[in-house]
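The block underneath contains the structure these notes are about, expressed in structure tokens.
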Amino acid sequence: MNILVTGGAGFIGSHVVDRFIEEGHNVIILDNLSSGKEDNVNKKAKFYKMDIRDKEIEDIIFKRENIDCINHHAAQISVRNSVDDPIYDGEINILGSLNLLQNAVKYGIKRVIFASTGGAIYGEQDYFPADERHPLRPVSPYGVAKLSVEGYLYFYHTAYNLDYTVLRYANIYGPRQDPHGEAGVVAIFTQKLLNNEQPVINGDGEQTRDYTFVGDIVEANSLAFAKSFSGIFNIGTGVECSVNELYNRLTKLINSGIVPLYGQPKPGEQRRSVLDWNKINGVSGWSPRSSLDEGLKETIGYFRKEVSKVN
Ligand SMILES: NC(=O)c1ccc[n+]([C@@H]2O[C@H](COP(=O)([O-])OP(=O)(O)OC[C@H]3O[C@@H](n4cnc5c(N)ncnc54)[C@H](O)[C@@H]3O)[C@@H](O)[C@H]2O)c1
């Protein structure tokens, strides 16, 4: 099958590309390399360095490639940038997505798999873990944009019969995550600890997240394509972990004695976030396979190699 992976040069998208290629699919990548890297691009994929907002993607990609499925991972991923500049965020995350969906309809594409967010879409949770029926109260333009694309997918399905799977990811970590961004605390802490630098924890470190290994995300994308199940599904572990606990696990696994610095809490930062994954389990058998320590070990192994390349 011909699968277009947007954001296929990024952290999660590149792992998804690798899996689809292993499975024998023909993969086309659309990525503008704004945060993705050419090094992440699988050599067996066809790579278009373009922007999802470009009108020319129609002539250059959609007219030529006979695409069966769009796996949509390209996005402006910074919550903070979305607060600073909601228009820019909306241009990429809403209008860029609509550009893809319009082409999907025009070129008879059957299915869209969309990388949404469970972390940002539910807002402060009323109960733990949040299932898909939890009220939707995003507190950032990033979360609002993801929610609006979910709404558009429903519209395209009812109006044009376009099938879709929305995967609402928890906090994803693993090899290839950018350690220089503002999010991706596992990558940031790991890189710093391996460089013998002191990481900063924002606030008291008791804020919690649902840290999910990228390999489990890949599996969810593979199943969503292979089994063609439709609807909206959380992807997480259901296990809440505080930033302090995460830090302690990392220092133990790295064998580092570095203590963290505690900084100012980030205004508007969510206190607790954790997702219930029973719905996707019911339709596909998916469950999180990597324990936190297993995923962290693999991530540390990757960053050790990266750090040794630089030094
Ligand atoms: N990492 C997480 O914890 C997490 C959680 C929830 C949802 N997500 C979603 O998963 C997807 C992938 O995130 P990631 O963590 O791999 O981030 P990433 O920044 O590594 O990947 C995003 C990719 O999209 C590309 N891109 C950005 N704007 C583009 C544009 N206008 N046109 C074409 N390409 C563009 C970037 O170059 C990059 O390769 C995103 O949609 C993100 O919102 C991620």
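In listed order, ligands and their atoms are each counted from 1. Along the sequence shown, residues are numbered consecutively beginning with 1.
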Contact with ligand 1 for A170, non-hydrogen, under 4.0 angstrom: yes
Whether R176 lies under 4.0 Å from ligand 1, heavy atom: no
Does any donor atom in the side chain of T237 or D210 lie under 3.5 Å from an acceptor atom in the other side chain? yes
Between the side chain of D126 and the main-chain N/O of H134, is any donor-acceptor distance below 3.5 Å? no
Can you confirm whether the side chains of Y122 and N234 place a donor and an acceptor under 3.5 Å from each other? yes
Does K146 come within less than 4.0 Å of ligand 1, judged by its heavy atoms? yes
Just need the protein heavy atom nearest to atom 26 (N) of ligand 1, so name the residue and atom and give the distance. N32 OD1, 3.4 Å
Can you tell which of F11, Y173, Y142, F114 gets a heavy atom nearest to atom 9 (C) of ligand 1? Y142
Presence of salt bridge, K146 and E150, under 4.0 angstrom: no
I'd like to know if S116 contacts ligand 1, where contact means a heavy-atom distance under 4.0 Å to any ligand atom. yes
Would you tell me whether D293 and S291 have side-chain atoms, one donor and one acceptor, within less than 3.5 Å of each other? no
Nearest-contact summary for atom 21 (O) of ligand 1 - protein heavy atom, Å: G10 CA, 3.7 Å
